[in-house]
Protein chains: 2
Amino acid sequence: MNIPSVKDLGALVRDRRHKLRMTQQALAEKVGVSRAWLVALEQGKPSAQIDLVLRTIRELGLSLRIEAENPAARSHEIDLSAILQAGKKGAPKK
Amino acid sequence: MNIPSVKDLGALVRDRRHKLRMTQQALAEKVGVSRAWLVALEQGKPSAQIDLVLRTIRELGLSLRIEAENPAARSHEIDLSAILQAGKKGAPKK
DNA sequence: TTCTTTTGTCTTCGTTCGTTGACACACTAG
DNA sequence: CTAGTGTGTCAACGAACGAAGACAAAAGAA
């Protein structure tokens, strides 16, 4: 599943936790975080630490993946122009 | 690509940045973070904020994905027993 | 319906985050 | 070789993080 925002991530964590029939307290204990932190994450807390997030999804039997996006599908983003500019800059390299 | 640790994530960010021929400064500006933060992330900083991480990989033309792991491939982890226990707990639900 | 469990929210506190600016070191181009 | 560029590291600082504990509200069970 693609995760465009921390909100989506939080929703997935909650959904998965429910599927595993775990309470927030139980999962928090397994991960080694406070229950309050997990509540916040599930609500999409943008400042959660990446390592705690990683541990949480691992405890949920999930894995983090990063994939290249299809540039054609991102016509509304500015990354394409940045990539092209970077490509031009690096092109004359000998 | 699977990302088991923040170290791996950092290495991927650096690798991708190089492929795009961007400097740390340029990428940091695009993302809206300090260069020092990006340096730390590329070195695998576990406490980096998830939202900043998300923005960084987005700027690199990458997307975050989360997938269910294959339980059989995780025989050395304790998550399998946790999942089974949770399954048992929820089994008698009517 | 009542009772129990789960979740949401809050305060307090010590710790650490991200930023800024500077400097050292490594790398690259000519 | 030198000059310029890129990266690594550091200290200081204000902001905010995560933990702990408590209570309220919502959800679930009987």
Side-chain angles (χ1 to χ4, degrees), chain A residues 5-60 62 64 82-83 85-94, chain B residues 5-61 64 82-83 85-94:
Chain A
S5 72
V6 187
K7 276 262 187 253
D8 299 298
L9 172 64
L12 176 61
V13 166
R14 175 163 292 179
D15 184 60
R16 179 72 177 189
R17 178 174 63 78
H18 283 156
K19 283 191 168 66
L20 296 180
R21 292 174 167 100
M22 294 177 83
T23 61
Q24 290 176 337
Q25 184 60 41
L27 179 58
E29 278 167 13
K30 281 192 151 319
V31 174
V33 296
S34 68
R35 186 179 66 80
W37 182 87
L38 186 55
V39 172
L41 177 66
E42 290 186 349
Q43 292 173 6
K45 179 180 169 69
S47 52
Q49 292 181 9
I50 180 69
D51 196 54
L52 299 183
V53 170
L54 211 48
R55 280 160 43 191
T56 302
I57 64 176
R58 199 178 293 146
E59 279 297 334
L60 291 170
L62 301 170
L64 184 72
I83 292 168
Q85 282 170 14
K88 285 179 188 169
K89 182 177 179 180
K93 186 173 178 178
K94 324 177 190 179
Chain B
S5 73
V6 187
K7 275 262 185 255
D8 299 298
L9 171 64
L12 175 63
V13 167
R14 175 162 293 178
D15 183 60
R16 179 72 177 187
R17 178 173 62 80
H18 284 156
K19 282 191 169 65
L20 296 180
R21 294 183 166 93
M22 293 177 80
T23 61
Q24 289 176 335
Q25 184 59 43
L27 179 57
E29 279 168 14
K30 281 192 150 322
V31 174
V33 295
S34 68
R35 186 179 68 82
W37 182 86
L38 186 55
V39 172
L41 177 64
E42 289 185 351
Q43 292 173 5
K45 179 182 169 64
S47 52
Q49 291 181 7
I50 179 69
D51 197 53
L52 299 183
V53 171
L54 211 48
R55 282 158 45 190
T56 301
I57 63 176
R58 197 180 293 146
E59 279 297 333
L60 291 171
L64 184 72
I83 292 167
Q85 282 170 13
K88 284 180 189 170
K89 182 177 178 182
K93 186 172 178 179
K94 324 176 190 180

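Numbers restart at 1 for each chain; the letters A, B, ... are given by sequence-line order, proteins then strands.
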(Q) Regarding B/Q43, tell me which of base, sugar-phosphate or nothing describes its non-hydrogen contacts under 4.0 Å with the strands shown. (A) sugar-phosphate
Contacts under 3.5 Å, N or O only, protein and nucleotides 2-5 of chain C:
none

**Q.** Sugar-phosphate or base contact per nucleotide [nucleotides 17-24 of chain D; S, B, -; heavy atom under 4.0 Å]
**A.** SSB--B--
Q) Which residue, A/V31, A/L64, A/L62, forms the side-chain contact (heavy atoms from CB on, under 4.5 Å) with A/L54? A) A/L64
Q: Determine: side-chain N/O of B/R14 to OP1/OP2 of D/dG6, distance under 4.0 Å, yes or no.
A: no
Q) Once you round it to whole Å, what is the distance between C1' of C/dC17 and CG of A/D51? A) 15 Å
**Q.** Interatomic distance, B/K19 atom NZ to B/R16 atom CZ [nearest 0.5 angstrom]
**A.** 8.0 Å
**Q.** Gap between atoms CG and P, on B/L41 and D/dG8 respectively (whole Å)
**A.** 12 Å
Q: Could you tell me the separation between the CD atom of B/E29 and the OG atom of B/S34, rounded to the nearest 0.5 Å?
A: 11.0 Å
**Q.** Axis bend over the full length of the helix from C/dT1-D/dA30 to C/dG30-D/dC1, computed from five pairs that close each end, to 10 degrees
**A.** 70°
**Q.** Listed partners of A/D8 passing salt bridge (charged side-chain N to carboxylate O under 4.0 Å, His left out), at least two apart
**A.** none
Q: Enter the distance from A/H18:NE2 to A/E42:CD here, rounded to the nearest 0.5 Å.
A: 6.5 Å
**Q.** Qualifying residues under side-chain contact (heavy atoms from CB on, under 4.5 Å), relative to B/V39, sequence neighbours excluded
**A.** B/Q24, B/R35, B/Q43
Q: Any chance you could measure A/L12, atom CG, to A/I57, atom CD1, to the nearest 0.5 Å?
A: 8.5 Å
Q | Distance in angstrom units between B/Q25 CD and D/dT5 C1', rounded | A | 12 Å
Q: Return the minimal non-hydrogen interatomic distance between A/T56 and A/W37, and the atom names on each side.
A: OG1-CZ3, 3.3 Å
Q.
Looking at A/H18, I'd like to know whether one of its side-chain N or O atoms comes within less than 4.0 Å of OP1 or OP2 on C/dT7.
A. yes
Q. Could you state the CD-C1' distance from B/Q24 to D/dG8, rounded to the nearest angstrom?
A. 8 Å
Q | A/L38 and A/V13, any side-chain heavy atoms less than 4.5 Å apart | A | yes
Q.
Expressed as a whole number of angstroms, how long is the span from A/E29:CD to C/dT6:C1'?
A. 14 Å
(Q) A side-chain contact here means heavy atoms from C-beta on lying under 4.5 Å apart; do A/M22 and A/E59 qualify? (A) no
Q) Of all heavy-atom pairs between B/K45 and B/V6, which one has the smallest distance, and what is that distance? A) O-CG1, 3.5 Å
Q | For A/L41 against A/A48, the heavy-atom pair lying closest together | A | CD1-CB, 4.1 Å
(Q) Nearest whole Å is fine: how far is C/dG18 P from A/I50 CD1? (A) 11 Å
Hey, what are the protein-to-nucleotides 25-27 of chain C N/O distances that come in under 3.5 Å?
none

Q.
Distance check, rounded to the nearest 0.5 Å: B/L60 atom CG versus B/K30 atom NZ?
A. 10.5 Å
